[in-house]
Amino acid sequence: MRRLFMALLGTVLLGSALSAVPTAASAAPLTKVLVFSKTAGFRHDSIPTGIAAIQQLGAANGFTVTATEDANQFTTANLAQYQAVVWLSTTGDVLNATQQTAFQSYIAGGGGYVGVHAAADTEYDWSWYGGLVGAYFASHPANQTAVVRVEDRSNVSTSHLPPTWTRLDEWYNYRTNPRSVARVLASLDESTYSGGSMGGDHPITWCQNYGGGRSWYTGMGHTQETFADSSFRQMLLGGIQIAAGFRAADCRPETGYTPLFDGTQASLDQWRQAGPGGFTLANGTLTSFGGMGLLWYPVTPFADYSLKLDWMMPGDDNGGVFIGFPDPNGDPWQPVDTGHEIQIDATDADPTRTTGSVYSFRAPDTALRDAALNPPGSWNAYEIRVTGQRVEIWLNGVKINDYTSTRAIQNGHVGVQNDGAGLDINYRNIRVKGGPTQPPATDLARGKAVTAFSVEPGSAHAAANAVDGNTATRWGSAYADPQWITVDLGASYDVNRVRLNWEAAYGRAYRVEVSPDNTTWTTVSTQTASDGGVDDLTVSGTGRYVRIYGTQRALTQYGYSLWDFNVYGTPASGGPALVSRNRPVTVSSVEPGSAHAGANAVDGNTATRWGSAYADPQWITVDLGQTRTISRVRLQWETAYGRQYRVETSPDNSTWTTISTQTASDGGVDDLTVNGTGRYVRIYGTQRATAWGYSLWELDVYGS
């Protein structure tokens, strides 16, 4: 965003520096590759075809290829001339101890390893090699067609592939899963073929930094036809380039990230554009147009997080990733002033405004940046880690910047920039690991009774969709003003927050209202210029009913459309009281050998729980001490929840009356409106959702 930022400072920037666009010159050279195909077990008839394919790749990309089955080539002096060694469907014990030592020294000195298919069926007694390849072969079914899921689309070996890739091969099962030690680039969808045995998480291509060098492996390559497949050949070329150090790649393991943009329109609908221009979506990729604007994620701000994404510039273009800013309210300049931009720019003369910089605040380590950077036209990967006010930046797995800000960026939103016409930028696979700044709270509206003024004619967009917790279903109204949607919370609450996740047809102007009786309404929030996306509103009001009353649609050719309508608050003062806290509890059983006693479910501590034996039925009963009129029961389930259960009351702990029956609970928090009388309240489980028992963090009973 170099031009407009400088204009904001009252200066004029006449353009980027006129230096040439960088190439891969800073990368390690790739001039010689050794292909090793010795077999001491099964021999694949695809080996000659594979050698020819690699030789053709070398001729087209400036490196020579030596093919051998002679293990005597594995000497320290001979291996030193090669930037990568391809183990092409080797099998069995192929190197002696001296040769193993030479190859291990070669990797320790920065050499590269490429394993193809049966390379995982090799050297079972050499544990170092097992670590290098990533996982040993276990078994395989017959050749068949399967769907490959491409997990990393910034890696040079897989960036050309679609998100899913259907192909025929012999699909290996492995003795271990390499995900904890390597970056998984592609995996198999085991539901698309027969014989997968890795429990649904089935890596098939991966890379890692290992023992001082680099390793890249694919389980594909069984058939001769594989090596004629242009997509496979390009993948193999990328693997060779990565192993040789010629092209940069982030090969660190990755787990625990949540997609913010996964390439689908549904995920893009969660984002909001501030300022001019925007992005088009094709093949899972965002492409900028116009600007200067900002596409930002309004669902929640983040604190202490790692943000990862892939980006690509076709040429001398410009873009950036913004972090740590509050809701910009439609103004793309607010993030400039309050957050930070992690810049993407190939040629700006100011080092604090080039790729990897914290824009205008801290330049990257240029030597590390240049060595790690893939040239324009190639995909690159950022990791931006925010810890308090500290910002750390990794480019393709290499840390290039570390800056502690003086701005209040520790809690804020994230976004990606479209800098202007002709400054093209592409983004994909945006994901985060870390915490939203607002911890999850109980959504009082979830699953409650809801009514609406209208439903879009001929559609399935019923009002109940807005409170089902499913962001893929929505309420849609008729194409007219005004319209409203009302949720009955079942009891009176002091409402402090209302969150609306709008579909593209959002309400420009609307009121949030509360009522004790669904007749008399009090306005607690008035919005006159909503820009859609997520409106997360702080409100203050008391009522049993909450209504969104729309007075102006943003898209007059459509109605109002809500993915989710969430209400948060606490039981109203003077309403039903929590009467179960620390009362005596009895249970049918306690999980053997555990400390998960029944009393844990009424102690008010959400870190302790009751857990039952692994059988049906099971029950937990709380003695309220006296007869109560029960109006609400709230169950906070652990992962092992009850799919089917009854809520029952009794005057004597003997004769029971059912006041609620649940047949399809999905766990989490079940907040039930009930009507019953008794001294004892029992949760009687008849069907567990998991192989474990029943497990409750909290059992809360409200009454008078």
Task: Matching residue for Asp700 among Arg583, Arg632, Arg634 - test: salt bridge (charged side-chain N to carboxylate O under 4.0 Å, His left out) - done: Arg634
TODO: Assess whether salt bridge (Lys or Arg N to Asp or Glu O under 4.0 Å) is satisfied between Asp564 and Arg499, documenting all intermediate values.
DONE: CA-CA 8 Å; Asp564 277 299; Arg499 180 181 180 276; 5.5 Å; no
- [ ] Using a strict cut-off of less than 4.0 Å between a Lys/Arg side-chain nitrogen and an Asp/Glu carboxylate oxygen, indicate whether Glu254 and Lys433 qualify as a salt bridge.
- [x] no
Open item on the list: So, taking the atom named CD in Glu648 and the one named CD1 in Ile630, what distance separates them when rounded to the nearest 0.5 Å?
Closed with: 13.5 Å
Open item on the list: Using ring centroids (six-membered ring only for Trp), state whether His596 and Trp610 fall under 6.0 Å.
Closed with: no
Open item on the list: Going by side-chain contact (heavy atoms from CB on, under 4.5 Å), Ile485 matches just one of Leu562, Val467, Leu500, Val546. Which one?
Closed with: Leu562
Open item on the list: List the residues meeting salt bridge (charged side-chain N to carboxylate O under 4.0 Å, His left out) with Arg643, not counting sequence neighbours, and say none if there are none.
Closed with: none
TODO: Can you label the angle between the Phe453 ring and the Trp484 ring as parallel, tilted or perpendicular, going by 30° and 60°?
DONE: tilted
Task: Mutual orientation of the aromatic rings belonging to Tyr694 and Trp637 [parallel < 30°, tilted 30-60°, perpendicular > 60°] - done: tilted
- [ ] Find the distance between OH (Tyr297) and CG (Leu294) and round it off to the nearest 0.5 Å.
- [x] 15.0 Å
Task: Aromatic plane relationship, Phe302 with Tyr305 - under 30° parallel, 30 to 60° tilted, over 60° perpendicular - done: tilted
Open item on the list: Taking the ring centre of each residue, are Trp311 and Tyr382 less than 6.0 Å apart?
Closed with: yes
Open item on the list: Could you check whether atom CG of Asn675 has more than 12 heavy atoms from other residues, nucleotides or ligands sitting under 6.0 Å from it?
Closed with: no
- [ ] Say whether, by atom type as modelled, one donor and one acceptor occur between the side chain of Asn600 and the main chain of Ala595 under 3.5 angstrom.
- [x] yes
Open item on the list: For Leu624 and Ser580: C-alpha separation, side-chain torsions, deciding distance, then whether side chain to side chain contact (heavy atoms under 4.5 Å, CB included) applies.
Closed with: CA-CA 6 Å; Leu624 305 180; Ser580 57; 4.2 Å; yes
Task: Residues forming a side chain to side chain donor-acceptor pair (under 3.5 Å) with Ser267, sequence neighbours excluded - done: Asp262, Thr264
Task: Pairwise side-chain contact, Asn653 with Asp623, heavy-atom cut-off 4.5 Å (strictly under) - done: no
- [ ] May I have all residue pairs that pass salt bridge (charged side-chain N to carboxylate O under 4.0 Å, His left out) and include part of residues 291-302, sequence neighbours excluded?
- [x] none
Open item on the list: Side chains of Gln644 and Gln687 only: does a donor on one sit below 3.5 Å from an acceptor on the other?
Closed with: yes
Open item on the list: Please check this pair: side chain of Thr338 against backbone of Gly324, looking for a donor-acceptor N/O pair closer than 3.5 Å.
Closed with: no
Task: Pair Ser540-Asn496, side-chain donor/acceptor within less than 3.5 Å - done: no
Open item on the list: What's the separation between atom CH2 in Trp697 and atom CG in Leu635, rounded to the nearest 0.5 Å?
Closed with: 15.0 Å
TODO: Hey, could you give me the CZ/OG1 distance between Phe565 and Thr486, rounded to the nearest 0.5 Å?
DONE: 7.5 Å
Task: Check against side chain to side chain donor-acceptor pair (under 3.5 Å), Gln270 and Asn501 - done: CA-CA 8 Å; Gln270 301 291 307; Asn501 184 5; 3.3 Å; yes
Task: Any donor-acceptor N or O pair under 3.5 Å, side chains Ser695, Arg609 - done: yes
TODO: Mind running side chain to side chain donor-acceptor pair (under 3.5 Å) on Asp481 and Thr551 for me, showing each step along the way?
DONE: CA-CA 6 Å; Asp481 289 311; Thr551 56; over 6 Å; no
TODO: Please examine the side chains of Trp271 and Phe261, heavy atoms only from C-beta on, and report whether any two atoms are closer than 4.5 Å.
DONE: yes
TODO: Check for a donor-acceptor pair, side chain of Trp296 on one end and backbone N or O of Phe325 on the other, with a separation under 3.5 Å.
DONE: no
Task: With Asp488 via salt bridge (charged side-chain N to carboxylate O under 4.0 Å, His left out) - residues at least two apart - done: Arg544
- [ ] State whether the side chain of Ser561 and the backbone N or O of Glu503 hold a donor-acceptor pair below 3.5 Å, judged by distance alone.
- [x] no
Task: Contact check, side chains of Gln636 and Leu696, non-hydrogen atoms, under 4.5 Å - done: no
Open item on the list: Distance alone, cut at 3.5 Å: any donor-acceptor contact between the side chains of Arg547 and Tyr545?
Closed with: no
Task: Stepwise side chain to side chain contact (heavy atoms under 4.5 Å, CB included) check, Thr542 with Ser492 - done: CA-CA 7 Å; Thr542 300; Ser492 183; 3.5 Å; yes
Task: Ionic contact status for Arg390 with Glu392, cut-off 4.0 Å - done: yes
- [ ] Check whether any side-chain heavy atom of Val633 sits under 4.5 Å from a side-chain heavy atom of Leu699, and report yes or no.
- [x] yes
Task: Straight-line distance of Ile683 CD1 to Ser612 OG, nearest 0.5 Å - done: 13.0 Å
Task: Backbone N/O of Thr570 and side chain of Asp494: donor-acceptor pair under 3.5 Å - done: no
Open item on the list: Tell me whether Asn418 contacts the main-chain N or O of Leu295 through its side chain, where contact means a donor paired with an acceptor under 3.5 Å.
Closed with: no
- [ ] Indicate whether the side chain of Gln483 and that of Ser454 have a donor and an acceptor atom separated by less than 3.5 Å.
- [x] yes
Task: Under 3.5 Å: donor-acceptor pair, side chain of Arg431, backbone of Asn429 - done: yes
TODO: Would you confirm whether the ring centroid of Trp502 sits within less than 6.0 angstrom of the ring centroid of Tyr510?
DONE: yes
Open item on the list: Under the rule for salt bridge (charged side-chain N to carboxylate O under 4.0 Å, His left out), what residues qualify as partners of Glu591, not counting sequence neighbours?
Closed with: none
TODO: Run the ring-centre check on Trp692 versus Tyr641 and record whether the distance is less than 6.0 Å.
DONE: no
- [ ] Using only heavy-atom distances, determine whether the side chains of Ser525 and Gln527 contain a donor-acceptor pair under 3.5 Å.
- [x] yes
Task: Pairs touching residues 520-534 that satisfy salt bridge (charged side-chain N to carboxylate O under 4.0 Å, His left out), sequence neighbours left out - done: Arg272-Asp531
TODO: Return yes if a side-chain donor-acceptor contact under 3.5 Å exists between Ser660 and Gln662, otherwise no.
DONE: yes
Open item on the list: Check the orientation of Tyr479 and Tyr558. Use parallel for under 30°, tilted for 30 to 60°, and perpendicular for over 60°.
Closed with: perpendicular
- [ ] Ignoring hydrogens and angles, tell me if any N or O in the side chain of Asn465 forms a donor-acceptor pair with the backbone of Ala460 under 3.5 Å.
- [x] yes
TODO: For the residue pair Asn283 and Thr285, confirm or rule out a side-chain donor-acceptor distance under 3.5 Å.
DONE: no
- [ ] Any chance you could lay out the side chain to side chain donor-acceptor pair (under 3.5 Å) test for Ser515 and Asp517, step after step, and finish with the verdict?
- [x] CA-CA 6 Å; Ser515 172; Asp517 54 11; 3.0 Å; yes
Open item on the list: For the CD1 atom of Ile425 and the OG atom of Ser288, what is their distance to the nearest 0.5 Å?
Closed with: 6.5 Å
Task: Worked check of side chain to side chain donor-acceptor pair (under 3.5 Å) between Gln389 and Thr404 - done: CA-CA 6 Å; Gln389 291 173 278; Thr404 299; over 6 Å; no
